[in-house]
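Beneath this line is the structure, given in structure tokens, with notes to follow.
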Amino acid sequence: MQTYLEQNKERFLNELLELLRIPSVSADPKFKDDVRRTAELVREKLTAAGLDSAELCETAGHPIVYAEKIIDASLPTVLVYGHYDVQPADPYELWNTPPFEPTIRNERIYARGACDDKGQFYMHVKALEAMLATDNLPCNVKVMIEGEEEVGSDHLGAFVAENREKLKADVILISDTSIIANDVPSIETGLRGLSYVEVEVVGPNRDLHSGVYGGGVENPLNVLCRMIASLHDEQGRITIPGFYDKIEDLSAEERAELAKAPFDEEEYKRDLDLNAVAGEAGYSTPERTSIRPTLDVNGIWGGYTGEGAKTVLPSKAQAKISMRLVPNQDPDEITELFTKHFTAIAPPTVKVKVTPHHGGQPYVTPTDSIEFEAARRAFREAWGKEAIPTRGGGSIPIVALFERELGIKTILMGFGLDSDALHSPNESYGLFNFYKGIETIPYFYKHYAELKAQAVNQ
Ligand code: BES
Ligand code: MN
Ligand code: MN
């Protein structure tokens with residue numbers, strides 16, 4: 001196996017670069033054909049890797065790529081999930097090299113999707129190829145790579161519900177998260193949920209001269225800013241009534257356990273050019289970004305934002321607001337609480353509209369399972385180190401849905417770094433991470449098959 005990986009290294013990388021050259025931006029209809037071309041290429045690569053019946057499954061949106069290798073129905077089955085779609089690359093002018101012309105610099109691959117998630121799901125394709133080529137695949141495997149993760153996986157839910165039998169498996173394996181550092185491997189044990197809304201505050205029926213009308217007519221942008229400012233208190237807590245009601249606080253022991261993961265606040269501030277960190281009182285930065293919920297304005301607009309100064313009192317103000325959620329917070333419920341509160345705090349001088357976007361449930365994976373133990377052993381064997389369990393701050397909404405629809409738990413065996421600039425200009429993925437991931441994945445299969453067989457024989 002090691003020899004196979006070593007001998008095919010260059011080709012693995014070149015194939016990933018080929019994948020990174022297609023701009024599979026799911027959010028922008030302009031790239032619809034590119035998204036499909038990417039799905040086709042993924043299908044070809046799965047076939048080339050030795051998987052059977054690789055196909056494109058059509059949805060009302062972008063297609064899902066599916067393939068499998070069933071070697072023995074009595075063996076356990078691993079379902080690999082990933083996404084071949086990427087975030088928009090804007091703003092293009094901030095990229096040092098073009099986002100869809102992958103470039104290798106300082107031992108890193110620079111391209112949109114390099115880490116999130118093309119570089120990471122492709123490690124699975126290559127690990128499976130290596131296992132199949134060297135006769136080392138000890139389980140059945142099903143692979144599902146979707147094209148709408150970055151836009152909320154709107155059509156995957158229906159696909160999963162309609163294909164329960166096809167997707168039947170014992171564990172789901174995903175590489176779409178981060179490790180702490182290349183010398184500090186870790187396994188994420190949780191993801192935050194998401195509620196995402198767009199708000200609109202409307203004042204007068206048209207933009208007005210801010211001299212002629214200013215002072216006598218409500219300015220919706222002023223109002224929106226006041227309303228948004230009131231959504232946090234002095235302690236950094238969210239003021240929406242009921243927002244925290246269902247959250248179960250972690251025990252002191254659980255918090256102490258999580259605090260064992262190394263974190264250097266000075267380094268964190270340096271990296272982001274911050275004078276100080278901020279957030280909810282009583283919690284550390286790692287806690288604020290993982291086990292606590294948030295409310296953030298992602299964008300706000302209205303009035304005049306062009307060159308120079310235009311004196312205008314805008315008719316309308318808008319904002320996009322995201323809330324990251326933690327276990328027991330339900331996205332629909334939170335969206336409703338937000339909508340009620342936001343409408344209630346609006347002054348009678350304006351009209352308010354709240355439009356929900358996609359959401360997702362939070363997820364926590366148990367660490368006392370055979371599956372998690374297999375992941376630990378895989379890291380131990382490939383990295384010569386213990387992987388530290390951590391709670392992640394990002395969201396992969398489909399993970400909770402897999403558990404609900406299929407009753408299957410997920411192992412988040414990601415190999416990225418938070419500093420890989422996911423969703424930002426100059427996204428990159430370390431060659432070390434790409435190759436180390438390909439090396440680690442087969443150990444997961446080996447240990448998982450062994451642990452499962454032991455459990456059956458007991
Ligand atoms: N891979 C990320 C999520 C992630 C990144 C989890 C790093 C943990 C560590 C995923 O592609 C993503 O970006 N998800 C979106 C949610 C989606 C509904 C747009 C997110 O978290 O914003
Ligand atoms: Mn991702
Ligand atoms: Mn993403």
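What you see below is based on every heavy atom in this structure, not just the backbone, and it leaves out hydrogens, waters and symmetry mates. One-based numbering, in listed order, for ligands and for the atoms of each.
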Quick check: does [X] get an N/O under 3.5 Å from an N/O on ligand 1?
X      : value
Thr177 : no
His83  : yes
Ser178 : no
Arg324 : yes

Quick one, [X] and [Y] - any side-chain contact, counting heavy atoms below 4.5 Å?
X      : Y      : value
Pro327 : Glu248 : no
Phe243 : Gln329 : yes
Glu254 : Ser251 : yes

In this structure, does ligand 1 have an atom that sits under 4.0 Å from one of the heavy atoms of [X]?
X      : value
Gln87  : no
Arg192 : no
Asp117 : no

Quick one: do [X] and [Y] make a salt bridge, cutoff under 4.0 Å?
X      : Y      : answer
Glu68  : Lys166 : no
Lys118 : Glu427 : no
Arg292 : Glu287 : no
Glu15  : Lys126 : yes

[atom]: which protein heavy atom is closest, and how many Å away?
atom                    : answer
atom 19 (C) of ligand 1 : Glu150 O, 3.6 Å
atom 11 (O) of ligand 1 : Glu149 OE1, 2.7 Å
atom 4 (C) of ligand 1  : Asp176 O, 3.6 Å

> Should you measure from each heavy atom of Glu188, which atoms of ligand 1 turn up under 4.0 Å away?
Replying inline: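 The list of qualifying atoms is 8 (C), 9 (C).
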> Counting from 1, what ligand 1 atoms have a heavy atom of Leu422 closer than 4.0 Å?
Replying inline: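 Matching atoms, with element in brackets: 5 (C), 7 (C).
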> Tyr122 vs Phe434 aromatic rings, parallel, tilted or perpendicular, using cut-offs 30° and 60°?
Replying inline: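 Parallel.
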>> Using 30° and 60° as the class boundaries, would you call the ring planes of Phe100 and Tyr92 parallel, tilted or perpendicular?
In response: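 Plane angle between 30° and 60°, so tilted.
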> At the Mn ion (ligand 2), what's the angle from His83 NE2 to Asp176 OD2, rounded to 10 degrees?
Replying inline: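 Computed angle, vertex at the Mn ion (ligand 2), rounded to 10 degrees: 90°.
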> Which one of Pro397, Gly394, Cys115, Ser395 has a non-hydrogen atom at the shortest distance from atom 12 (C) of ligand 1?
Replying inline: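 Heavy atom nearest to atom 12 (C) of ligand 1 belongs to Ser395.
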> Regarding Asn8 and Arg11, is there a side-chain donor-to-acceptor distance under 3.5 Å anywhere?
Replying inline: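 Side-chain D/A pair, Asn8 to Arg11: present.
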>> Which atom name would you report as the N, O or S atom of Asp116 nearest the Mn ion (ligand 3)?
In response: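 Per the distance ranking, Asp116 contributes OD2 as its closest N/O/S atom to the Mn ion (ligand 3).
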> Under 3.5 Å, side chain of His62 to main-chain N/O of Ser26, donor-acceptor pair present?
Replying inline: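 Flag set: sc His62 to bb Ser26 pair under 3.5 Å.
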> Do any of the N, O or S atoms of Glu150 sit under 2.8 Å from the Mn ion (ligand 2)?
Replying inline: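 For Glu150, the answer is no, given that no N, O or S atom comes within less than 2.8 Å of the Mn ion (ligand 2).
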>> Checking contacts here: is it the side chain or the backbone of Asp116 that comes within 4.0 Å of ligand 1, counting heavy atoms only? Could be both or neither.
In response: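 The part of Asp116 near ligand 1 is the side chain, not the backbone.
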